[in-house]
Each structure stands twice: as structure tokens, then as C-alpha cells.
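Bear in mind that the values here come from a model prediction, so they are computed numbers and not experimental data. Lettering of chains follows the sequences in order, A, B, ..., and the numbering in each one begins at 1.
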There are 2 protein chains.
Amino acid sequence: MKKKVFIDQKPLQCPSQLRAIHDTMDILSGKWKITIIGCLSFGDKRFMDLMREVKGIGSKMLSKELQELEINGLISRTVQPTKPVTVEYALTTYGETLRPILWEMADWGQHHRIKVKATFSGEVGSG
Amino acid sequence: MKKKVFIDQKPLQCPSQLRAIHDTMDILSGKWKITIIGCLSFGDKRFMDLMREVKGIGSKMLSKELQELEINGLISRTVQPTKPVTVEYALTTYGETLRPILWEMADWGQHHRIKVKATFSGEVGSG
DNA sequence: CGGAATCCTGCCGGATACTG
DNA sequence: CAGTATCCGGCAGGATTCCG
């Protein structure tokens, strides 16, 4: 009977751990959320700024993603009483707590891309 | 001009970092992948075992998710030449490299759940 | 400028039936 | 046991239009 137990750490406790991971995944899921958070990590942005920087997103999606991020407290929305009305979005302190996760994911993803490339090269070379 | 720069670390580098994060998200996305990985973190499992343990998943989805996980090298699939044929799925060493990510996500998710609960309590209490 | 409303589409994922 | 094939509904997400 082999027990891997995830290296030598505890395995994922099915009931609560897994649910927590799914919660995080749900919050981060959506085609643009990561990108938006990334953009806001550089500083505050207005709606229009995000439209330009995210590039490819539509106003509906941007609005929706922004709302979901705000509901979860990851970003803040501030309406400026200027003339045509401007709105500033900013990453909250709470939103910054995602940094460890995002960093791990970026790290793993880059590593993975290298691995995949190596795998393909090997197959092509030997095939 | 306020630059938050994500605490005092570098912000997410748009081109490569973001793409890497999305790669990771894609690999982990899907309603059952996390759960399957969690199950396999306890040890090897057969198809039928996973059907029972994941609970709620159908054979089509399980098969599909398993294939995707295998393609990415996260799990291994071993056919045993027994009588009615049995297949063993196991988390690979590479799959275990996801542990830091999953752990961070579990941690954050649990923290978040507590925060959300506190927020609701506060609103209910003061409203 | 910053959205909301509407319409339309693909694919994600579920149920069921069939195969080897 | 371990899948595959097929059909089907729902929702994520895109394009367009309209509003304050």
C-alpha cells in the first residue's frame, strides 16, 4: 500500500481544504480577472484605461469582472465627481494578499511551459 | 502618482507572468480537476475508485479530466493486464509540484471565507 | 466617460446508452 | 471495469446598442 501523501506533507483534507481551493479558483476564474488584477497592481486605473490596457475586453465583460472583484473586496471603486464622471479602480490591501498565489502560479506556469517545450522537442527529435 | 507595486515586490510583468498564470489556471480549471488531484494525493486510485470518491462526477467528465491531467503530466495512467482490465491513476512527481500553489489557494480560500462571514455579520448586526 | 440592456454564440458539463 | 458516443441544457462571454 503506497501512500504518497504529497511529498511528506499532509494530503489535501477533502472537506474544507478542497472547498477553499475551489473558492479561490472561482474568484480568480473568468477570462480577464487575472489580467485586470495584474494591471491594477501597477497602480490605480480608470475604466477607460483598463479598456485600453487589457486589450480585447469589451465594456460588458470589464464591467462584470470589475464588479465581481469588488464584491470580493479585491479592488475598490471610487467615483470622482468630475465633469463627465470618472471612476477609479484600485487594488485593495486585501487584493494584494493574492500576491503569493499569483506568484506561485506564475512561477509554476513558466516552469511548465519550459517542460512542455522540452517534451515536444524530445518527441519530435526521436519520432 | 501612487504606485502600489504590490506591497514592495515587483508588479506582475504583463507579457510573460500573466500568460504563465493563465496557463496554470487553465490546467487547474474544470469543475473536477482539483478534487481529482486531491483524491490522488492520498494514493493511487482506479477509475471506479475515483467515480465513488469524487461523488457527483460522471464517467465522461472523469475520463476527460483525467486525460487532460495526464496530458499535462500531472498524473500517470497505468493499465494493469488483469482480467476485466484495471487502470491505475497516480499523481506524478511533477503533479506534486502543484502542492505549493494548492496550499496557498487553500490557505487564502479559508481566510477569505472567514472574512466574508465577518463582513456579513457586521452588515447584519449594524443594519 | 462609465456603464446597463439586449441578443447571440460556443463550449462546458450532465444524463444516458453503448462497447470491449 | 473502464471508458466512448450522443444528445441536450445552461451559462460564460462577445458584439452591438443605448443611457446619464
Side-chain angles (χ1 to χ4, degrees), chain A residues 18-19 21-40 43-72 74-91, chain B residues 18-19 21-40 43-72 74-91:
Chain A
L18 251 34
R19 191 186 53 181
I21 297 177
H22 274 120
D23 286 348
T24 306
M25 285 292 289
D26 287 345
I27 289 172
L28 257 30
S29 76
K31 205 175 181 181
W32 307 99
K33 292 211 183 66
I34 302 282
T35 309
I36 292 172
I37 291 174
C39 277
L40 290 180
D44 304 4
K45 297 280 168 60
R46 299 215 313 285
F47 192 87
M48 203 186 64
D49 295 330
L50 290 170
M51 282 286 283
R52 274 193 297 262
E53 295 193 31
V54 174
K55 214 114 184 161
I57 195 172
S59 64
K60 174 192 162 186
M61 271 303 107
L62 180 54
S63 176
K64 182 193 165 195
E65 302 281 73
L66 248 17
Q67 282 174 29
E68 292 178 6
L69 290 173
E70 191 196 359
I71 287 175
N72 284 301
L74 303 180
I75 65 173
S76 63
R77 179 178 178 274
T78 312
V79 180
Q80 310 281 9
T82 55
K83 244 316 283 310
V85 117
T86 56
V87 180
E88 276 217 343
Y89 290 94
L91 203 60
Chain B
L18 252 33
R19 192 186 52 179
I21 297 178
H22 273 121
D23 285 348
T24 306
M25 284 292 290
D26 287 345
I27 290 172
L28 258 29
S29 77
K31 205 175 181 181
W32 307 100
K33 290 212 184 64
I34 303 282
T35 309
I36 293 172
I37 291 174
C39 277
L40 290 180
D44 303 6
K45 297 283 167 60
R46 300 214 312 284
F47 191 87
M48 201 187 67
D49 296 330
L50 290 170
M51 282 288 283
R52 275 191 298 261
E53 295 192 31
V54 174
K55 213 111 184 166
I57 197 172
S59 63
K60 172 190 164 187
M61 270 303 106
L62 179 55
S63 175
K64 182 190 162 196
E65 302 283 71
L66 247 18
Q67 282 175 30
E68 292 177 8
L69 290 173
E70 192 197 357
I71 288 175
N72 284 301
L74 303 180
I75 66 172
S76 63
R77 179 178 179 275
T78 311
V79 180
Q80 311 282 8
T82 55
K83 245 315 282 308
V85 116
T86 55
V87 181
E88 276 218 343
Y89 291 95
L91 204 59

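- Counting heavy atoms from C-beta outward, A/Arg77 and A/Leu66 have side chains that stay 4.5 Å or more apart.
- The phosphate of D/dT4 has OP1 or OP2 within less than 4.0 Å of a side-chain N or O from B/Gln67.
- Side-chain proximity of A/Met61 to the nucleotides D/dG13, C/dA4, C/dG2 is greatest for D/dG13.
- In this structure, A/His22 places its NE2 atom 14 Å from C1' of C/dG13, rounding to the nearest Å.
- Under 3.5 Å, the side chain of B/Lys60 and the base of C/dG14 form at least one donor-acceptor pair of N or O atoms.
- Nucleic acid contact class of B/Glu65 (heavy atoms, under 4.0 Å, all strands): none.
- Across D/dA2, C/dG2, D/dT16, the shortest atom-to-atom separation from the side chain of A/Val87 is found for C/dG2.
- Between B/Arg77 and D/dA2 there is no side-chain polar atom (N or O) within less than 4.0 angstrom of OP1 or OP2.
- Listed candidates were C/dG14, C/dG2, D/dG13. Nearest to the side chain of A/Arg46 is C/dG2.
- The CD-C1' distance, from A/Glu70 to C/dG3, rounds to 13 Å in whole Å.
- Residue A/Ile36 contributes atom CD1, which lies 13 Å from atom C1' of D/dG13 at whole-angstrom precision.
- Between the CG atom of B/Leu62 and the C1' atom of C/dG13 there is a distance of 13 Å, given to the nearest Å.
- Note: CE (B/Met51) to C1' (D/dA2) measures 10 Å, nearest angstrom.
- B/Lys33 places its NZ atom 11 Å from the C1' atom of C/dG13, with the value rounded to the nearest Å.
- Residue whose closest nucleotide on DNA chain D sits further toward the 5' end, between B/Lys64 and B/Arg52: B/Arg52.
- When each of A/Pro84 and A/Ser63 is assigned the nucleotide of DNA chain C bearing its nearest heavy atom, the one mapping closer to the 5' terminus is A/Pro84.
- A distance of 12.5 Å separates CZ in B/Arg19 from OG1 in A/Thr35, rounded to the nearest 0.5 Å.
- Following rounding to the nearest Å, A/Glu68 (CD) and D/dA12 (P) show an atom-to-atom distance of 8 Å.
- Relative to the side chain of B/Ser59, the nucleotides C/dG2, D/dG13, C/dA17 differ in distance, and C/dA17 lies closest.
- At a threshold of 4.5 Å between non-hydrogen side-chain atoms, the residues B/Lys45 and B/Leu40 count as touching.
- One atom, CG of A/Leu66, and another, P of C/dA4, lie 10 Å apart when rounded to the nearest Å.
- When the nucleotides D/dA2, D/dG13, C/dG3 are ranked by their closest atom to the side chain of B/Thr86, D/dA2 comes out on top.
- Put simply, the side chain of A/Thr78 does not reach to within 4.5 Å of the side chain of A/Asp44, judged on heavy atoms.
- The shortest side-chain heavy-atom distance between A/Ile36 and A/Tyr89 does not fall under the 4.5 Å cut-off.
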